[in-house]
Engineer: 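Below you will find the structure I want to go over with you.
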Amino acid sequence: MPEIRVTPLGAGQDVGRSCILVSIGGKNVMLDCGMHMGFNDDRRFPDFSYITRNGRLTDFLDCVIISHFHLDHCGALPYFSEMVGYDGPIYMTHPTQAICPILLEDYRKIAVDKKGEANFFTSQMIKDCMKKVVAVHLHQTVQVDDELEIKAYYAGHVLGAAMFQIKVGSESVVYTGDYNMTPDRHLGAAWIDKCRPNLLITESTYATTIRDSKRCRERDFLKKVHEAVERGGKVLIPVFALGRAQELCILLETFWERMNLKAPIYFSTGLTEKANHYYKLFITWTNQKIRKTFVQRNMFEFKHIKAFDRAFADNPGPMVIMPGYCVQGTVGHKILSGQRKLEMEGRQVLEVKMQVEYMSFSAHADAKGIMQLVGQAEPESVLLVHGEAKKMEFLKQKIEQEFRVSCYMPANGETVTLPTSPSIPVGISLGLLKREMAQGLLPDAKKPRLLHGTLIMKDSNFRLVSSEQALKELGLAEHQLRFTCRVHLHDPRKEQETAMRVYSHLKSVLKEHCVQHLPDGSVTVESILIQAAAHSEDPGTKVLLVSWTYQDEELGSHLTSLLKKGLPQAAS
Amino acid sequence: MPYPFGLRRFHFGKGSRQWGGPRKTAVLRRFESYSLHSSPPATRRSYPSIGGSLWLKTFTLSHFFYKLKLGFTSQGGFVSQLPLLPVRAPNLTMQCAQIQINYYYVGLWTGHDFHSQFPSFATCSKELKECSGHVFVDSVPEFCLPETELIDLSTVDVILISNYHCMMALPYITEHTGFTGTVYATEPTVQIGRLLMEELVNFIERVPKAQSASLWKNKDIQRLLPSPLKDAVEVSTWRRCYTMQEVNSALSKIQLVGYSQKIELFGAVQVTPLSSGYALGSSNWIIQSHYEKVSYVSGSSLLTTHPQPMDQASLKNSDVLVLTGLTQIPTANPDGMVGEFCSNLALTVRNGGNVLVPCYPSGVIYDLLECLYQYIDSAGLSNIPFYFISPVANSSLEFSQIFAEWLCHNKQTKVYLPEPPFPHAELIQTNKLKHYPSLHGDFSSDFRQPCVVFTGHPSLRFGDVVHFMELWGKSSLNTVIFTEPDFSYLEALAPYQPLAMKCIYCPIDTRLNFIQVSKLLKEVQPLHVVCPEQYTQPPPAQSHRMDLMIDCQPPAMSYRRAEVLALPFKRRYEKIEIMPELADSLVPMEIKPGISLATVSAVLHTKDNKHVLQPPPRPTQPTGGKKRKRASDDIPDCKVLKPLLSGSIPVEQFVQALEKHGFSDIKVEDTAKGHIVLLQEAETLIQIEEDSTHIICDNDEMLRVRLRDLVLKFLQKF
């Protein structure tokens, strides 16, 4: 029995180090290859020894797909391809291919240069790894090999994020990666067609949340920023350089313009600045509004927002600064986690007086969005990853109730097996199909018509042809099987008259059939021949010879039983 | 919008005389001294590129079913041969054709149609103007549409666009023909196509509208005019330019697609665009069903310029390859032309002259700017200003930078850095290249000479180029360099004669030449090649050049205008899916080594042109005495087909079987062809021959069925 097997190596009932193995139609595909933010030991990378303990991964995997450039989806890639060893194709979209190596390099720098880790992947490894990448367009059908094909769909979330459909024959799996079902200020909403996959593997970060309107959150955010600036205060917005940074930049920029504010806004130099260039060049991946107006005004060319310089730090007056994301262990992270007293390098203790606020501008689909996507794709079953077990449980129930499909939520290392029953494609000869369809186009549910043919199987070539053609192709002769039954009728009249009576009787009874009276005195019903003969001994009895072939058996035997009952008395 | 400078008299006759408001006086004065007031007024008409798209005509779903029914009952349904109906191929540059495949009409439509001016006089003297011995028609510009007479466009379901040059007639079709289908094109094609149309509309709308000339179109008059004029085809169908509103409406009907995207059409046909390497987003199309594949190759290039390279591999295994849109100038080498372009440009500028490059706002201009970017410093041209004047100049330059995914590998790599893929970004940043929407406004104050101006329209019939021709035409220091291959430069220049400025002809056409075509065909090996007749013979002017024609085996099938071509392939099979439950119930038997057979009795379901075989339903009343009996009274469904039989019956074994089943008194007689088995007791006779068995018995159904089952044991069912 064919089946689809799914094993999460990461992101199973967890957020981080997304890595899911899928076996479908004899092909093995690895979806994402992420690292875990929460660990610094072996657990930060997926356990690739699950795939094979010895031997190259290339022999066990047909391809690797990276959904987007976030490190929890691609952070382990150089380790996987260069240190564990994988030489097969790695698929990702163009923006992901462009930005991924930069984030990897950034990650490497923090790990090696700042934390002093040894045995980490090198810059050269990142480069070598990226050489194995094959970029895909949206909606392009990439033929990985003769049987395996993949197709990317727009996922929103971040620049270049994609959902992937993996297809072998008539079996398919869709992996969403991270996605956003509501368009934001710089990206569009995720979209997929009704592709009816056997399995939809979806993220479930916000499995239980239904977020309030984005507008309210934005208004709230702007109000807080505005108030602080009005007070003459400084605002720090720690935000990841790619994605949310641009979203907030656009938000602040338009607000500043509308309110005619003058306070300077800065973003951190380096990554954010570079990121803005990417957004400018990959404008086709942003939302419709930005794409439409980019010639007049490129939304990623900001008037009020400038790159930050350390010299600005002590400038008096209000300002807004968007430093990079606060990694664990940094001062920023400590403040964000609520620490009110900080011990600085010189053993000096600093009291934190600033206000700390949290605002969610996450670009993940909420519960409503996830349900919406399931509704769009119409999968036969759903599998949840990239979320917390408790929340998944809730969503799982909801999906099972609403869509009546089975829903799975395997933990890391746990395998889900889905039996599938793919139909078998064969070639049907046009002659046969034509003949069948000529008998009526719309199938009648109550009275199904049977198609009869012969399936010729030669090697892996399957052809369905009419029986006659099959015989002909194989050089076999048809064997005719014919029946002739004698039906005795009491009728003193002449044979011709008997035949005439048989004809008129059958004509009135068998309205749906073609009943003919031939010049030689015989009667035909379709291809069944009826002849009347005199009985050799009894002149008052006539013998009807009813003759038909095996193929007309039903009608033939029906006719004989009909004639056996005798003919109605000629009324006139 | 009034048009500046003196060209109003030139172009559009009396209507524009009053023109010349005080607002532009500064500009006017500045150019006054160069104007060509004395030149004889002449009016030109032109028919710039229209068409160049692939037509896929299909029935809408409801129509389809109707047709299906009709097709099967009356003419036997499936089209087994592919007729190809060229509906227009009057000259090399404009072809369209229609293919019928599996009920679906595929129209192929391509080309550019440009007719020259019309020498000689005729009676309608008001419409005809003379200039340097040539006669021109004085009219608002009109455009020649693709042939629409042979196709009812309201029955066309899908239009496939090959590249942005090939969609210029789209508004005519989507807006005024009853067309209700979908148009497929790539994103760069749509965006740049929009720019080209916008420029065209802008150029036309800038000038006051005069009357369309129509008298000369009278067949009796046209017949009397000299050659170029009298040979113009379908003059009555020429139309005035569309409006921006129509353009927007037309473009809103386009569905964006990406390369290698498989697009299902009505479940029966799949179309896929492939990179053709000619322009940003330019595509070849594959139209295929499960057993047939037609490739439409139009406007393709094997040269490495800015677009993504041509996808050749996916064209393999085509049953038919329709080949069109080859280079217009098969004898010119694009690389050499670019070199010549640069050196002529440098020479003129060094001598203090100006260079005019009539061009489209997108396409080759990107490559030219890139060459110049590399060339200007070494040629000492760093201080020479480059002007790009077009209503869409800015948009074109901006759009070129955002299509990273559609660019060649080198340019993609630049985007990954991230840097703009085209160096014209740097030229703009360093003020070497400046772009303006028109001659109005900023340009007049920035204008410095000597300079290089890129502007349209390349036909020299409208647009800002007209002004520069007049401005610079009288000085032999200046040069006009023609790079676009669509128009004959001699004809383009004719109304400006006599002309002192130098004219250089460097047509840069990167599309396939005949050597590349043979290489391509050898590579992809289609079973049949179909192309316009012009490609199958040397050009008339160079009849000895046997290398300037398509050479392939089997010889290409050519088409002419309004000719129906039957393509030599026969449809034999269609895909059908066997449901797994049915597949499980099949019992294959090996008939010959390696060949197995299984008889299939199944229910056929057809939905959206997908065929599925499901297992036959189980009999609803498996048992049941009286009810069953009554059911047997009903007329049986004769549509239930019995299998065919094959094999032969060995008499001895048959007799043994009969005995085993309780028949006695069996007598066997030999006949000429076989045997007769007599069951005397039952008054039954069984004739057994090599290929037939005949059971003759009394009307005893039980007996007949018993005998039948015995016979069937010896035979194979099909």
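Computed from a predicted structure; not experimentally measured. Lettering follows sequence order; numbering is per chain, from 1. Values below: all heavy atoms of this structure, side chains included; hydrogens, waters and symmetry mates excluded.
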Engineer: Can you say whether A:Gln296 sits under 4.5 Å from chain B via the side chain, the backbone, both, or neither, judging by heavy atoms?
Structural biologist: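 For A:Gln296, there is no contact with chain B at all, as no heavy atom is under 4.5 Å.
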Engineer: Would you call B:Arg704 and A:Glu553 a salt bridge, taking side-chain N to carboxylate O under 4.0 Å as the test?
Structural biologist: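 Salt bridge: yes.
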Engineer: Identify which part of A:Thr549 has an atom lying under 4.5 Å from any heavy atom of chain B, answering side chain, backbone, both or neither.
Structural biologist: neither
Engineer: What residue in A:Leu474, A:Val487, A:Leu138 has the most heavy-atom pairs under 4.5 Å with chain B?
Structural biologist: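 When all of A:Leu474, A:Val487, A:Leu138 are compared, A:Leu474 has the most.
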Engineer: Evaluate the ring planes of A:Phe300 and A:Tyr279, with Trp represented by its six-membered ring, and classify them as parallel (under 30°), tilted (30 to 60°) or perpendicular (over 60°).
Structural biologist: tilted
Engineer: Going from CG on A:Leu464 to OH on B:Tyr573, what distance comes out if it is rounded to the nearest 0.5 angstrom?
Structural biologist: 9.5 Å
Engineer: Is it the side chain or the backbone of B:Glu264 that comes within 4.5 Å of chain A heavy atoms, both, or neither?
Structural biologist: neither
Engineer: Would B:Glu574 and A:Lys434 pass as an ion pair if we require N to O under 4.0 Å?
Structural biologist: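 No salt bridge links B:Glu574 with A:Lys434.
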Engineer: Roughly how far apart are B:Ile686 CD1 and B:His694 NE2, rounded to 0.5 Å?
Structural biologist: 11.0 Å
Engineer: With chain A as the partner chain, list the residues of residues 581-589 of chain B whose heavy atoms fall under 4.5 Å from it, by residue number, and write 'none' if nothing qualifies.
Structural biologist: B:Ala583, B:Leu586, B:Pro588
Engineer: Which bit of B:Glu405 is near chain A, if near means a heavy-atom gap under 4.5 Å: side chain, backbone, both or neither?
Structural biologist: both
Engineer: Would you compute the distance between atom CD of B:Glu577 and atom CD1 of A:Ile424 and round it to the nearest 0.5 angstrom?
Structural biologist: 9.5 Å
Engineer: Which answer fits A:Val142, side chain, backbone, both or neither, if we ask what part of it has an atom under 4.5 Å from a heavy atom of chain B?
Structural biologist: neither
Engineer: Going from CG on B:Leu613 to CD1 on A:Ile428, what distance comes out if it is rounded to the nearest 0.5 angstrom?
Structural biologist: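 Spacing of CG (B:Leu613) from CD1 (A:Ile428) equals 6.0 Å.
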Engineer: Mind checking whether B:Tyr259 and B:Trp406 have ring centres under 6.0 Å apart?
Structural biologist: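 Under 6.0 Å, so yes.
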Engineer: Does a side chain donor of either B:Ser596 or B:Glu590 reach within less than 3.5 Å of an acceptor in the other side chain?
Structural biologist: no
Engineer: Tell me, for B:Val600 versus chain A, whether the close heavy atoms (under 4.5 Å) come from the side chain, the backbone, both or neither.
Structural biologist: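 For B:Val600, the contact with chain A is made by backbone and side chain together.
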